[in-house]
Amino acid sequence: MVESIEDQQFIYDGNDLGAVYSKLNTTFKVWAPTVEKITVILYETYNDDLGQKYEMNKSERGVWQLSLNGDFKNKYYNYIVLNNGVEKETPDLYTKGSSANGKKGMIVDFDSINPKNWKHHKKPIPINRTEAIIYEIHVRDFSVSEDSGIKNKGKYLAFSEENTKTKQGIVTGLDHLKDLGITHVHVLPVYDFASVDETTGGYNWGYDPYLYNVPEGSYSSNSLDGTVRIKEFKTMIQSLHENGISIIMDVVYNHTITVENSPMDILAPGYYYRKDYNGNYTNGSGCSNETASEKPMVKKFIIDSIKFWAQEYKIDGFRFDLMALHDIDTMKEVEKQAKIINPNIIIYGEPWTGGQSSLPYDRQLRKGSQKGMQVSVFNDDLRNALKGDNDGDNLGFVNGGLGFELEIKKGIVGGIYYNNNICNFTLSPGEAINYVSSHDNLCLYDKFVKSNPYNTPSQREKMNRLALSIILTSQGVPFIQGGTEILRTKQGNHNSYNAGDLINEIRWSRKAEFTETYEYIKGLIALRKSQKVMTLDSANDVINCLHFLETPYNSVAYELTSTYIGDYNKLIIVHNAYKEEIKLVLPDDDEWKILANEHEVNKTGVKSGSKTCIHELIVPQLSTYIICK
């Protein structure tokens, strides 16, 4: 009688799955309760086709194991799995290194690969999640353009190059990020994904996982040698850290690129995926399958993987793709274990699925179910209120839509219960990731080109600036799509996941073209970082410090009162999306200093135009004004 893989007796809680290396021996352990036989095949080099075979022994709880004496540092290995009379070779699900395209796993000795001073390098000063400013970027997009001035185009090492400029002298790359002032870089998938041939190159966002604990090889200078991708990815991380920038990984545990040839299904047939009552794979990801996070060994794999990246690679945050496909209990445990390693780690994700899931709705981590957790979710309500729909010609607050003031106010308070009218899905503002665009769908500027074809380019630039102004002044966690600060365009492509460099690359020349907007966004970031009252992390603090003011139609204004050392006593922030200027009567007759007008932001006071005001404030169309005393 064949025992069921779902039996409790097959739950394994050890922390030693995979290949555990030491100079004296390497121990292999793999969870595969129902297969007939597993053999380790050991390869001397990445291009060794023969290999040496060693049969594994099945022990308790469905774990096969083998210990080999000797030093196998950075050698390659796979498992040959016999099931139902059929043999298949697969990399280890838990492998931490690989040859090109994941053909062979790797026995990794990290100490021999680490960059100089890796273990003791200086990390950024810890901050609350509401103090973070997240910048989302694809590794290749960041540096691949001809005008980037970066040598390691499209590679991890691009993030470690300093003093890079365009031929016109415009600052690019790492120095751009430092100058802009963001705190966290969120990189699109950098685990090993299967949609790009690492030996020939190509383009994809990477939301098609193969080996979850291995860095993607197409971003390294040599994809064949498994040590290179590890060292260069760590060099990228170390460089960002030493320049005061934390790194967030985009993780996609909700599906695999295929089922039949995935390590998951070869090692534990049928276990890792959800199925319907007829035994068919369900498709909550929209990618033909979905992993079953509620099962003990799937949950364990996700947690083990997160812990590995946080410990070995010093990753500072994780963005979960289609997070609603993960059950709430699993995400609570992810939060708990990650915070043990790094109390300031940031965890957030998409509170939706990509299709109909077989996971019961009340177990999915949806918007609202994160309340009280240290897990944040994307605020698509604010996104839609700001610009309308993602890819169509619907209008929102900043581009001519009507009646969005209440929704904007809900976003400004971070989605908390502020009063009976202004309330949404969070218990505290840090649970809201405030954004107006991301890698998915039209770029913000492209959206305005489509939805506002009769507006001038100058007006669309103002819309772009106003939208980012609202994101960067609201309570919660601000998130901006890389390049939005210089009006990035993808030529109207709304789903550029495989569209190549010409569509996706950051065109650094646009920074010179839109200098005023860049400087404006940079100024807003500096102002936000200087004022504790703009980054409150409790609902009570927001209710006590933030007071909305009466404003004309299609505008929103509020006063922030602060007792924090280093803050201004009072700030008034006004967002005018109306097609004409508005007048705002000020709460008192004191003199107010202008920190932001339609042209510039300066945390100590603007240099252009009127620098102070009394009684009333005149705010031009499509602009944000900030005044203080």
Side-chain angles (χ1 to χ4, degrees), residues 98-102 115 135-167 170-178 185-211 214-240 243 245 247-250 252 313 438-439 443 481-484 486 488-491 493 495-511:
S98 80
S99 64
N101 296 321
Y135 187 92
E136 182 205 49
I137 195 69
H138 182 275
V139 169
R140 194 169 173 86
D141 296 355
F142 183 66
S143 58
V144 78
S145 72
E146 284 188 21
D147 66 355
S148 71
I150 294 171
K151 294 176 185 175
N152 293 282
K153 294 185 187 304
K155 305 298 183 183
Y156 296 127
L157 291 179
F159 288 84
S160 63
E161 292 186 39
E162 298 182 327
N163 303 315
T164 62
K165 295 178 180 177
T166 67
K167 290 178 181 177
I170 300 298
V171 172
T172 67
L174 175 64
D175 289 353
H176 171 87
L177 297 178
K178 289 166 61 179
V185 165
H186 159 168
V187 284
L188 268 62
V190 286
Y191 54 72
D192 175 65
F193 53 82
S195 51
V196 170
D197 184 339
E198 295 177 350
T199 62
T200 59
Y203 188 94
N204 204 283
W205 285 344
Y207 291 91
D208 35 30
Y210 187 55
L211 299 177
V214 179
E216 165 62 16
S218 65
Y219 302 142
S220 71
S221 62
N222 180 353
S223 64
L224 301 174
D225 181 346
T227 66
V228 176
R229 64 183 72 195
I230 294 171
K231 184 169 186 175
E232 291 181 353
F233 184 40
K234 284 188 171 182
T235 299
M236 168 184 169
I237 295 165
Q238 184 170 341
S239 174
L240 288 169
N243 284 283
I245 299 171
I247 182 166
I248 294 168
M249 266 184 77
D250 206 320
V252 187
Y313 284 87
S438 68
H439 66 276
C443 288
Q481 180 187 10
T484 317
I486 55 173
R488 180 183 186 175
T489 177
K490 294 185 186 179
Q491 314 305 315
N493 189 317
N495 189 22
S496 63
Y497 74 98
N498 65 351
D501 296 330
L502 288 179
I503 293 295
N504 286 289
E505 66 188 10
I506 299 289
R507 292 186 181 86
W508 291 100
S509 57
R510 291 178 75 83
K511 186 175 177 183

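Sequential numbering from 1 along the given sequence is applied to the chain's residues.
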- Query: Listed by chain and number, what are the side-chain hydrogen bond (donor to acceptor under 3.5 Å, both in side chains) partners of Arg510, not counting sequence neighbours?
  - Reply: none
- Task: Decide yes or no for Ser195 and Asn498: does some side-chain heavy atom of the first lie under 4.5 Å from some side-chain heavy atom of the second?
- Result: no
- Can you find a heavy atom in the side chain of Pro215 that is under 4.5 Å from one in the side chain of Val190? no
- Note on the structure: In short, Gly483 meets Ile506 closest at the heavy-atom pair CA-CD1, 3.9 Å
- Between Asn504 and Gly500, which heavy-atom pair has the shortest distance, and what is it? ND2-O, 2.8 Å
- Would you tell me whether Asn222 and Ser220 have side-chain atoms, one donor and one acceptor, within less than 3.5 Å of each other? no
- ring pair (Phe, Tyr, Trp, His ring centres under 6.0 Å) filter on Tyr313, not counting sequence neighbours, yields Phe233, Phe308, Trp309
- Query: If you draw a 6.0 Å radius around NZ in Lys178, do more than 12 non-hydrogen atoms from other residues or ligands fall strictly inside?
  - Reply: yes
- Task: Could you tell me whether a side-chain N or O of Asp225 sits under 3.5 Å from a main-chain N or O of Thr227, the two making a donor and an acceptor?
- Result: yes
- Message: Tell me whether Thr235 contacts the main-chain N or O of Lys231 through its side chain, where contact means a donor paired with an acceptor under 3.5 Å.
- Response: yes
- Rounding to 0.5 Å, atoms OH (Tyr156) and CG (Leu240) come to a distance of 13.0 Å
- Query: Taking Ser143 for the side chain and Gly154 for the main chain, is one N or O donor matched with an acceptor at less than 3.5 Å?
  - Reply: yes
- Message: Donor-acceptor check, side chain of Glu161 to backbone of Asn152, threshold 3.5 angstrom: yes or no?
- Response: yes
- Contacts of type side-chain hydrogen bond (donor to acceptor under 3.5 Å, both in side chains), residue Thr166, not counting sequence neighbours: none
- At what distance, to the nearest 0.5 angstrom, does OG of Ser160 lie from CD1 of Ile237? 12.0 Å
- Message: Any heavy-atom pair between the side chains of Phe142 and Val187 that's under 4.5 Å?
- Response: no
- Message: If we ignore hydrogens and angles and just use 3.5 Å, is the side chain of Tyr191 paired with the main-chain N or O of Gly206 as donor and acceptor?
- Response: yes
- Item | Single hit among Ile245, Val171, Asn243 for side-chain contact (heavy atoms from CB on, under 4.5 Å) with Leu177 | Ile245
- Task: Would you check if Ile170 and Trp508 make a side-chain contact, meaning some heavy-atom pair closer than 4.5 Å?
- Result: no
- Return the set of residues passing side-chain contact (heavy atoms from CB on, under 4.5 Å) with Ser221 (not counting sequence neighbours), or none when no residue passes. Val228, Glu232
- Item | Ser218 side chain reached by Glu198 side chain, heavy atoms, under 4.5 Å | yes
- Note on the structure: Closest non-hydrogen contact found for Glu216 with Phe193 is OE1-N, 3.0 Å
- Nearest-0.5 Å distance that lies between atom NZ in Lys167 and atom OG in Ser148: 11.0 Å
- Message: Tell me if the CD atom of Gln491 is crowded by more than 12 foreign heavy atoms within 6.0 Å.
- Response: yes
- Output for pair (Asp250 CG, Glu136 CD), nearest 0.5 Å, gives 7.0 Å
- Those residues at least two apart in sequence (or on a different chain) that pass side-chain contact (heavy atoms from CB on, under 4.5 Å) with Ser509 are Asp147, Arg507
- Query: When rounded to the nearest 0.5 angstrom, what distance separates SG in Cys443 from CG in Asn493?
  - Reply: 9.0 Å
- Sub-4.5 Å side-chain heavy-atom contact between Ser98 and Arg229: yes
- Going by atom types alone, do Tyr219 and His138 pair a side-chain donor with an acceptor below 3.5 Å? yes
- Donor + acceptor pair across side chains of Tyr210, Asn101 (<3.5 Å): no
- Message: Is the shortest side-chain heavy-atom distance between Phe159 and Val139 below 4.5 Å?
- Response: yes
- Can you see which heavy atom on Ile137 is nearest to which on Gly482, and at what distance? CD1-CA, 4.2 Å
- Task: Indicate whether any N or O donor in one side chain lies under 3.5 Å from an N or O acceptor in the other, for Thr164 and Thr172.
- Result: yes
- Task: Give a yes-or-no answer on whether the side chains of Tyr203 and Asp141 include a donor-acceptor pair shorter than 3.5 Å.
- Result: yes
- What heavy-atom pair brings Thr484 and Arg488 nearest, and what distance separates the two atoms? N-CB, 4.1 Å
- Message: With rounding to the nearest 0.5 angstrom, report the NZ to CZ distance, Lys153 to Arg140.
- Response: 11.0 Å
- Taking only residues two or more places apart in sequence, or in another chain, which ones meet Asp208 in a salt bridge (Lys or Arg N to Asp or Glu O under 4.0 Å)? none
